[in-house]
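Structure first, then comments.
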Number of protein chains: 2
Amino acid sequence: MKATINDVAKQAGVSIKTVSRVINNEVSVRQLTREKVQKAVEELNYQPNLAARNLAGAKSFSVAYIYDNPNAYYIIDMQEGILSACKQQGFELLIHPCDAKNKNITEEVVNMVKHARIAGLILTPPLSEMPEFVKSLVALDVKVVRIMSGDVAPDDLSPCVMVNDRDAAQTITQHLIDLGHKDIGFIAGDAKHMSTVERYKGYRRALKESNIDFNKELVIEGEYSFDSGVSGAKQLMSAENNKHRPTAIFSCNDEIAAGALFAARLMNISIPEQLSIVGFENSPFSRQTWPKLTTADQPNNQIAEDAANLLISQVRKQKNQTTISQYVPKLIIRDSTAIVSNR
Amino acid sequence: MKATINDVAKQAGVSIKTVSRVINNEVSVRQLTREKVQKAVEELNYQPNLAARNLAGAKSFSVAYIYDNPNAYYIIDMQEGILSACKQQGFELLIHPCDAKNKNITEEVVNMVKHARIAGLILTPPLSEMPEFVKSLVALDVKVVRIMSGDVAPDDLSPCVMVNDRDAAQTITQHLIDLGHKDIGFIAGDAKHMSTVERYKGYRRALKESNIDFNKELVIEGEYSFDSGVSGAKQLMSAENNKHRPTAIFSCNDEIAAGALFAARLMNISIPEQLSIVGFENSPFSRQTWPKLTTADQPNNQIAEDAANLLISQVRKQKNQTTISQYVPKLIIRDSTAIVSNR
DNA sequence: ATAACAATTGACAGCGCTGTCATTTTTTTA
DNA sequence: TAAAAAAATGACAGCGCTGTCAATTGTTAT
């Protein structure tokens, strides 16, 4: 029923080793031989047995996606992106949710890598942004690719796929400025996430370039959650804070923005007439709020696929891929932003 | 570095075959021997190599989760539930998103099962509710566990974990009735999903038991999407439809409910004062709408874990698990429902 | 044309485990 | 107590592939 390498070898009239060479894309195979083998492979619909390859070879054909992130949309996007790269390259994907706060996380992950003979890992924030964790992994010779926030990699521990949140945040803030807003609140995500820091920098830069005075009181520390958006917006829009009441709020992600929307509703502030709100991420529910959120779109699927390909080619040692891809999320204007109202 | 079965055998002073017996929980091993081996296993922190087990044995130690479902929250919940069962039982999990509309889906899945030597599959709606698909898989001797909507399994093709949407829908409708609602709209999800059918049945049953006349015009066919909620609610609440304007809407899931909320907002209908809306699923964003949704909670994580355990014990042939678990989602009252207003 | 080299191919062991079946030990029965 | 039956254990092959290294073939330089 299922063809083995032996069947292919017989069909092609070569040794199994030669077949092995062809399917592994090794160099020293004559063109003619290679074609014969490829023909046999197709005729028999042969697919190499991953377990056997993993067992026999020094290499492995599985990668793992390690995450600690409550955002289901993000994870699914990542996962499916990685999966599609894996499928193309004949790799398996293991999924491993874990807890960044766990002290033994390095041990846990290393254990898993050794146990399951994993070729490499894909890390997303916040795990990708824990230098000690990454360092330990790299020191133990675990191949890693990180997806991180920033324009350039912070170190050369591993190849990185960078998401330029700073430029995107600048663009989105500029959008608010273009609408006439000068008092723009900022509700931060988790301070430990680079994305928060980067988005903050972009926000500051936009203000600066438009010569708008930065007002510290308009910045609220928060975390990436709906509740944080609720309390942040309340704080920004509260009566005591009246003199500094912003006309727009930059929320570090869509969830925070949804929370801000909720708070505005509680306080009878109409959006976008009295207050403009922007989110970040373009997660599906940014289209399901009232009003729909202006936000920045991250091509997570593609980012993930890119990262997976980077990892796989690194594992294959095809080239010493120090290449770094960079993505800049782009502005999506919907209904939560409008021209500033007269006051 | 990594202990093999050989190391354990030496350490315990037995043959590798005996170690194999112990780790596979086979019967004919003397208690004393078993303990010796277990001690060695612990001392060496031995973990069997999955690739080798898969390769050598007739059995396999991987299961796959096949899905076609746009709902990220649902998938993540399922996945993590399955994963935790797998971890406990020493199984690997492969994830395989696919397209239910694809004609070749059976072939695709069978191919994958054979290729990756998968012990069994976990299927969720809509895949679990495609009889031909399931039948083909079972005919090809692929072990399957289905998660489905209903109170009893529709056939005995495979073990099932049933989610009793009907009872839950009845409860949630009853909640509306208890609040004094008599004109209760129903926005259906995809007609092909059993969950839609079951929820509809529960809705009808609740009406009947309270002697409320069923009004066909209050039922809107839809699909599981935000947009469907928007258009459904618009239709129900439109002026032409005035005489039948419902005072409450049963939405087949939270996304539809969010859409209905959106439509209400568009039409200047205040929730819950003028209109009560309920959702279904208790997905995270049912807490992030304004107002927060009254809904029915499904313990997806646990359902998934259950299904995975069922599959694994079936694969192990430990017992002929025809057992069927049943879960009934339970009512969660939040802010989108209120006592019916006078008209 | 022939030696010297390089490119190509194949034989074979073995990755870590399980299945089969033979062997040894223990228990039961006569 | 010995023979028969049952239980426990082990020896060994082999799952499907890759790594190593030797053998073969082709190519270039003399």
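Chain naming here is simple, since letters A, B, ... match the order of the sequence lines and numbering starts at 1 in each.
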Review point. Using a cut-off of 4.0 Å between protein heavy atoms and nucleotide atoms, how would you tag nucleotides 12-22 of chain C 5' to 3' with B, S and -?
Key: --BBBBBBB--

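- Every pair passing ring-ring contact (aromatic ring centres under 6.0 Å, His included) that includes a residue from residues 74-97 of chain B is listed here, sequence neighbours excluded: Phe61(B)-Phe91(B).
- Sorted by first then second residue, the salt bridge (Lys or Arg N to Asp or Glu O under 4.0 Å) pairs that include residues 38-52 of chain B, not counting sequence neighbours, are Lys39(B)-Glu43(B).
- Pairs passing the side chain to side chain donor-acceptor pair (under 3.5 Å) check and including a residue from residues 46-57 of chain B, sequence neighbours excluded, read Asn24(B)-Arg53(B).
- Taking every heavy atom of residues 28-35 of chain B and every atom of DNA chain D, pairs under 4.0 Å involve Ser28(B), Val29(B), Arg30(B), Thr33(B), by number.
- Pairs engaging residues 63-81 of chain B under the salt bridge (Lys or Arg N to Asp or Glu O under 4.0 Å) rule: none recorded [sequence neighbours left out].
- Note on residues 123-157 of chain B: no pairs pass ring-ring contact (aromatic ring centres under 6.0 Å, His included), not counting sequence neighbours.
- By the side chain to side chain contact (heavy atoms under 4.5 Å, CB included) test, Asp7(B) pairs with Ala3(B), Thr4(B), Leu44(B), sequence neighbours left out.
- Here Leu94(A) pairs with Ala64(A), Met112(A), Ala116(A), Ile118(A), Glu92(B) under the side chain to side chain contact (heavy atoms under 4.5 Å, CB included) rule; sequence neighbours left out.
- Proximity of Ser15(B) to the phosphate of dA11(D): no side-chain N or O atom is located under 4.0 Å from OP1 or OP2.
- The bend of the helix from dA1(C)-dT30(D) to dA30(C)-dT1(D), defined by the angle between the axes of its first five and last five pairs, stands at 30° to the nearest 10°.
- Take Asp99(B) and apply the salt bridge (Lys or Arg N to Asp or Glu O under 4.0 Å) test, not counting sequence neighbours, and it matches no residue.
- Applying the side chain to side chain contact (heavy atoms under 4.5 Å, CB included) test to Lys192(B) and every residue at least two apart in sequence or in another chain returns nothing.
- For the 3.5 Å distance criterion, the side chains of Asn300(A) and Tyr73(A) fail to qualify, holding no donor opposite an acceptor.
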